Protein chains: 2
Amino acid sequence: MTPRMTTSSYAVLALLDLRPWTAYELTNQAQRSLRYAWPKSERLLYSEPKKLVELGYATTHKEASGKRSRNVYEITDAGRRALREWTGSKTQPPRIEAEALLRLLFADHGTLEDLRGALDELETDVGEHHQAIVELMASYLNGGHPFPQRTHLSVLFATFQIEIFKTIERWIEFAREEIDEWPTTRDLGMTPRTETLTRLLAEDQSPLNP
Amino acid sequence: MTPRMTTSSYAVLALLDLRPWTAYELTNQAQRSLRYAWPKSERLLYSEPKKLVELGYATTHKEASGKRSRNVYEITDAGRRALREWTGSKTQPPRIEAEALLRLLFADHGTLEDLRGALDELETDVGEHHQAIVELMASYLNGGHPFPQRTHLSVLFATFQIEIFKTIERWIEFAREEIDEWPTTRDLGMTPRTETLTRLLAEDQSPLNP
DNA sequence: TTGACTCTACTGCAAGATGCAGTATATAGT
DNA sequence: ACTATATACTGCATCTTGCAGTAGAGTCAA
């Protein structure tokens with residue numbers, strides 16, 4: 001059977017439309033640019049270009065780099081046509097995975113310290129990404145964008161990331177202040193404070209910095 | 001070989017610690033409560049409890065519901081011990097998957113209308129979740145929480161969701177206004193407006209409602 | 001110059017996770 | 001009586017990840 005195109009296949013195909021890459025370069029590029037919209041493993045990024053070749057959406061040729069050879073992948077016209085069709089199709093719903101939040105939901109199995117630890121880890125993880133994107137923007141100002149004509153897209157996307165990271169960081173601060181008032185993680189239930197929060201949320205209001 | 005415990009296994013185990021469930025009930029409950037922290041497929045939620053039984057972390061017994069039988073899963077003491085250990089362990093970094101954002105990153109392969117379409121779909125998807133959580137909070141006020149003693153946890157988590165949804169919705173509005181100024185999706189590069197944005201982001205400032 | 005790292009450049013394999021089709025009974029509404 | 005929906009699952013193909021393993025090339029230092 002011929003393989004089918006997944007969203008990940010289109011992501012790689014879109015990268016190939018920018019320029020030819022080796023699979024190794026694709027993994028690096030995907031780390032930098034796709035990571036926050038469509039995070040995929042290194043292993044997959046090595047497999048996808050092969051699939052694209054099988055489907056006729058890319059070609060591959062060996063290049064010598066010293067004594068070693070490396071496989072360079074290039075998009076074909078059929079690949080470009082496939083890309084254009086993808087652009088108009090339905091998107092999959094977004095999806096957020098955060099084990100730290102799962103820990104919050106079940107924090108009553110552990111201590112307040114466990115919960116604070118989970119929040120700390122979330123803060124560290126988000127903080128790293130946050131810093132990375134701020135630095136990336138600084139590099140764009142010095143002409144550091146690898147595809148200058150695409151800067152408007154990268155920057156609009158970066159706006160999304162910064163907003164999300166700031167929101168998570170503000171929420172972490174808020175959550176810390178809330179749990180500082182908790183005597184324990186268990187069986188607090190609908191405290192007056194929680195009722196206030198619930199009322200705000202039920203009216204779709206933000207309890208943060210009011 | 002005995003199966004190993006994944007984060008998903010612990011998520012199910014944590015649900016089993018609340019009360020005994022059938023796999024069918026678990027899928028429903030996971031839809032309502034885990035969806036935004038640890039979204040997992042129905043199929044997996046049917047498999048995990050079996051694995052827990054194999055590991056000795058749960059027991060199962062058949063119950064008659066009319067003429068049919070259903071498998072009810074219950075946590076064991078070993079299961080509760082495993083849960084406690086999990087609570088103190090390291091968390092996995094968070095992960096956001098959004099095909100609509102991928103479309104934005106590669107919007108220069110399509111039309112402005114394609115891009116607007118992707119933003120519309122993102123808005124619809126987020127809007128549904130947003131509304132659902134607001135309604136859930138309203139139901140909590142009427143004593144609708146299935147485990148009242150855990151309300152403080154659910155509500156703090158809901159705060160996170162609402163903040164994220166609001167942020168995404170605000171960003172969508174912002175993005176729409178930005179692209180309304182674009183004559184096309186392609187080759188705009190570092191326009192004066194994009195440079196202003198980049199500068200703000202490089203200083204870690206929010207370009208939204210300044 | 002030998003050894004220790006790190007970077008480049010992959011592949012194989014087991015296991016985790018998803019989507020979908022299929023099976024079947026129970027119950028509620030028309 | 002018919003139909004739709006909810007309950008209660010299983011099998012299978014495919015997608016995806018993590019990890020171990022292989023190996024050449026460049027760098028720096030003892």
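Please read these numbers as outputs of a predicted model, since none were measured by experiment. Naming convention: chains lettered A, B, ... in sequence-line order (proteins, then strands); numbering from 1 in each chain.
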Novice: Closer than 4.0 Å, any side-chain N/O of R95(B) to the OP1 or OP2 of dT17(D)?
Specialist: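 Checking dT17(D) against R95(B), a side-chain N or O does come within under 4.0 Å of OP1 or OP2.
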
Novice: Salt bridge or not for K166(A) and E163(A), using N-O below 4.0 Å?
Specialist: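 Salt bridge: no.
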
Novice: At under 4.0 Å between heavy atoms, what does E25(A) touch on the DNA or RNA strands: base, sugar-phosphate, or nothing?
Specialist: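 If one applies the 4.0 Å heavy-atom cut-off, E25(A) turns out to touch nothing in the nucleic acid.
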
Novice: Take atom CH2 of W38(B) and atom P of dG16(C), then tell me their distance rounded to the nearest Å.
Specialist: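 W38(B) atom CH2 is separated from dG16(C) atom P by 14 Å.
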
Novice: For Y73(A) and dA9(C), give me the distance from atom OH to atom P, rounded to whole Å.
Specialist: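 It is 12 Å, rounded to the nearest whole Å.
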
Novice: Let me know the distance between CG of L55(B) and C1' of dG16(C), rounded to the nearest Å.
Specialist: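 From L55(B) CG to dG16(C) C1': 14 Å.
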
Novice: Among dT7(D), dT17(D), dA17(C), which nucleotide has an atom closest to any side-chain atom of S8(B)?
Specialist: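 Side chain of S8(B) sits closest to dA17(C).
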
Novice: For S47(A), answer base if it contacts any base atom (sugar-phosphate contacts may also be present), sugar-phosphate if it contacts only those atoms, and nothing otherwise; contact means non-hydrogen atoms under 4.0 Å.
Specialist: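 No contact.
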
Novice: Whole angstrom is fine here: how far is it from CD in E54(B) over to P in dG16(C)?
Specialist: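 That distance rounds to 11 Å.
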
Novice: With sugar-phosphate meaning primed atoms plus P, OP1 and OP2, does K50(A) contact a base, only sugar-phosphate, or nothing at under 4.0 Å between heavy atoms?
Specialist: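 If one applies the 4.0 Å heavy-atom cut-off, K50(A) turns out to touch the sugar-phosphate alone, with no base involved.
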
Novice: If you measure only the distance, is there a donor-acceptor pair under 3.5 Å linking the side chains of W171(B) and T159(A)?
Specialist: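 Absent: no donor and acceptor within the cut-off.
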
Novice: Where the side chain of T6(A) is concerned, which of dC9(D), dT16(D), dT18(C) is the nearest nucleotide?
Specialist: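 So the nucleotide nearest the side chain must be dT16(D).
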
Novice: Side chain of K40(B) only, heavy atoms from C-beta on: which candidate in dA8(D), dA17(C), dT17(D) is closest?
Specialist: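 Among the listed nucleotides, the one closest to the side chain of K40(B) is dA17(C).
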
Novice: Identify the two heavy atoms, one from L119(B) and one from A175(B), that lie closest to each other, and give their separation to 0.1 Å.
Specialist: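 The answer is CD1-CB, 4.1 Å.
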
Novice: Where the side chain of L44(A) is defined as all heavy atoms beyond and including C-beta, which of dT11(C), dT10(D), dT16(D) is the nearest nucleotide?
Specialist: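 Of the candidates, dT16(D) comes closest.
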
Novice: Report yes if a donor N or O on one partner sits less than 3.5 Å from an acceptor N or O on the other, where the partners are the side chain of R43(B) and the base of dG16(C); otherwise report no.
Specialist: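 No such pair is found, so the answer is no.
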
Novice: Using 4.0 Å as the upper bound for N to carboxylate O, is an ion pair formed by D120(A) and R176(A)?
Specialist: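 Counted as a salt bridge, because a side-chain N and a carboxylate O are separated by less than 4.0 Å.
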
Novice: I need the CH2-P distance between W21(A) and dC10(C), as an integer number of Å.
Specialist: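 Between P of dC10(C) and CH2 of W21(A): 15 Å.
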
Novice: Between dC9(D), dT11(C), dA6(D), which one does the side chain of Y46(B) approach most closely?
Specialist: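 Within the option list, the nearest is dC9(D).
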
Novice: How many whole angstroms separate atom CD of E42(A) from atom P of dC15(D)?
Specialist: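 Going from CD in E42(A) over to P in dC15(D) covers 20 Å.
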
Novice: Name the closest nucleotide to the E48(B) side chain, picking from dG12(C), dC15(D), dA17(C).
Specialist: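 Minimum distance to the E48(B) side chain belongs to dA17(C).
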
Novice: Decide yes or no, distance alone: a donor-acceptor N/O pair under 3.5 angstrom between the base of dG24(D) and the side-chain of R70(A).
Specialist: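 Between dG24(D) and R70(A), which were checked side chain against base, a qualifying N/O pair under 3.5 Å is absent.
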
Novice: How would you label the contact of P49(A) with the nucleic acid (heavy atoms, under 4.0 Å): base, sugar-phosphate, or nothing?
Specialist: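 If one applies the 4.0 Å heavy-atom cut-off, P49(A) turns out to touch nothing in the nucleic acid.
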
Novice: Decide whether S69(B) and E63(B) meet the rule of one side-chain donor and one side-chain acceptor closer than 3.5 Å.
Specialist: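 No, because no side-chain N or O of S69(B) sits under 3.5 Å from a partner of the opposite role on E63(B).
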
Novice: Could you tell me whether R84(A) sits above the aromatic face of W86(A), with NZ or CZ closer than 6.0 angstrom to the six-membered ring centre and within 45 degrees of the axis?
Specialist: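 No, R84(A) does not sit over the ring of W86(A).
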
Novice: Reading DNA chain D from 5' onward, which residue's closest nucleotide shows up sooner: Q92(B) or A23(B)?
Specialist: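 It is A23(B) whose nearest nucleotide is closer to the 5' end.
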
Novice: Taking only side-chain N and O atoms of N71(A), does any of them lie within less than 4.0 angstrom of OP1 or OP2 on dA9(C)?
Specialist: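 Looking at the OP1 and OP2 atoms of dA9(C), neither is under 4.0 Å from any side-chain N or O of N71(A).
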
Novice: Could you tell me the separation between the OH atom of Y24(A) and the P atom of dC7(C), rounded to a whole number of Å?
Specialist: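 Rounded to the whole Å, the gap is 7 Å.
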
